[in-house]
Participant: 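Please read through the structure below; I'll follow up with questions.
Counting begins at 1 with the first residue of the sequence. Only heavy atoms go into these numbers, but all of them, side chains included; no hydrogens, no water, no symmetry mates.
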Amino acid sequence: MTGILFEITFYLAAPFWLLMIFAPTWSVTTRIASSPLTVLPLLAVYTVLAVQVFPELWTAVSSPDIDTLQELAALAEGAGALWAQVIAWDLLIGQWMFLQSRKLGLSPWLMGPLLLFTILLSPFGLLVFLALRAVRRNADRPQQQRQQQQG
């Protein structure tokens with residue numbers, strides 16, 4: 001059962017990633033990406049796996065050290081729970097990036113590859129997005145200031 005749950009974890013998130021990457025301008029995509037409920041199936045997998053190793057999980061989070069985390073990750077259910085948590089948080093980060101990119105008017109041609117990069121290495125994808133976001137906001141400031149002076 002643990003192996004099956006581990007295997008399906010990514011596939012539970014994949015439809016939402018596919019929408020954000022391949023149908024970014026579809027109104028349904030924005031509606032779906034605006035909902036935190038997209039992670040509920042992932043959190044269900046996490047819960048099923050985490051309950052089975054709760055004492056080890058509690059030890060790992062209440063007194064974190066590398067050895068305790070390694071012990072948790074060495075258990076199939078522990079590794080599966082950690083994976084489900086990572087996939088859930090990655091999806092939430094991806095959804096936030098998608099929604100922010102729409103507000104900022106970033107091109108879907110730019111965001112598609114960046115979201116794909118985020119699926120694979122979310123901390124790096126988030127860093128790149130935060131840099132793009134800062135550049136975009138700074139580029140928009142002079143225009144906004146001119147509009148305020150004219151208005």
Participant: Can you list the residues that meet the side-chain hydrogen bond (donor to acceptor under 3.5 Å, both in side chains) rule with Arg133, with sequence neighbours excluded?
Facilitator: Gln100
Participant: Can you list, pair by pair, the side-chain donor-acceptor contacts under 3.5 Å of residues 105-117, counting residues two or more places apart and other chains?
Facilitator:
unit_1	atom_1	unit_2	atom_2	d
Ser107	OG	Trp109	N	3.0

Participant: Provide the full list of side chain to side chain donor-acceptor pair (under 3.5 Å) pairs with a residue in residues 63-73, sequence neighbours left out, each pair given once.
Facilitator: Asp65-Thr68
Participant: If I take atom CG from residue Leu69 and atom CG from residue Leu57, how far apart are they, to the nearest 0.5 angstrom?
Facilitator: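 If we round to the nearest 0.5 Å, Leu69:CG and Leu57:CG are 10.0 Å apart.
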Participant: Per the side chain to side chain donor-acceptor pair (under 3.5 Å) rule, what does the pair list look like for residues 20-49, sequence neighbours excluded?
Facilitator: Thr38-Gln95
Participant: According to a 4.5 Å side-chain heavy-atom criterion applied to Ile, Leu, Val, Met, Phe, Trp and Tyr, with indirect links allowed, do Val61 and Leu49 form part of one hydrophobic cluster?
Facilitator: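 No, it is not one cluster - the side chains of Val61 and Leu49 are not joined through contacts under 4.5 Å.
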Participant: Count I, L, V, M, F, W, Y as connected when their side-chain heavy atoms are under 4.5 Å apart, and connections chain through other members. Are Val51 and Leu5 then in the same cluster?
Facilitator: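 In one cluster with Val51: Leu5, no.
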Participant: State plainly whether one hydrophobic cluster holds both Phe6 and Val53, where clusters connect Ile, Leu, Val, Met, Phe, Trp and Tyr through side-chain heavy atoms under 4.5 angstrom apart.
Facilitator: no
Participant: Test: ring-ring contact (aromatic ring centres under 6.0 Å, His included). Region: residues 52-81. Which pairs qualify, not counting sequence neighbours?
Facilitator: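 Those involving residues 52-81 do not exist here.
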Participant: Looking at CE of Met20 and CG of Leu91, how far apart are the two atoms once the value is rounded to the nearest 0.5 Å?
Facilitator: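 Taking CE in Met20 and CG in Leu91, the distance rounds to 5.5 Å.
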Participant: Enumerate donor-acceptor pairs with a distance under 3.5 Å from any side-chain N or O in residues 120-129 to protein atoms, sequence neighbours excluded.
Facilitator:
unit_1	atom_1	unit_2	atom_2	d
Ser122	OG	Asp90	OD1	2.6

Participant: Side-chain donor-acceptor pairs under 3.5 Å in residues 74-89, sequence neighbours left out?
Facilitator:
unit_1	atom_1	unit_2	atom_2	d
Glu77	OE2	Thr2	OG1	3.3

Participant: A side-chain contact here means heavy atoms from C-beta on lying under 4.5 Å apart; do Phe16 and Val39 qualify?
Facilitator: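 Side-chain contact under 4.5 Å: no.
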Participant: Side chains of Ile119 and Phe10: does their closest heavy-atom pair fall under 4.5 Å?
Facilitator: yes
Participant: Assigning hydrophobic clusters by single linkage (Ile, Leu, Val, Met, Phe, Trp, Tyr; side-chain heavy-atom cutoff under 4.5 Å), is Leu130 placed with Leu99?
Facilitator: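 Looking at the clustering, Leu99 is in the same group as Leu130.
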Participant: Could you give the distance from CD1 (Ile4) to OG1 (Thr9), rounded to the nearest 0.5 Å?
Facilitator: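 OG1 of Thr9 is found 11.5 Å from CD1 of Ile4.
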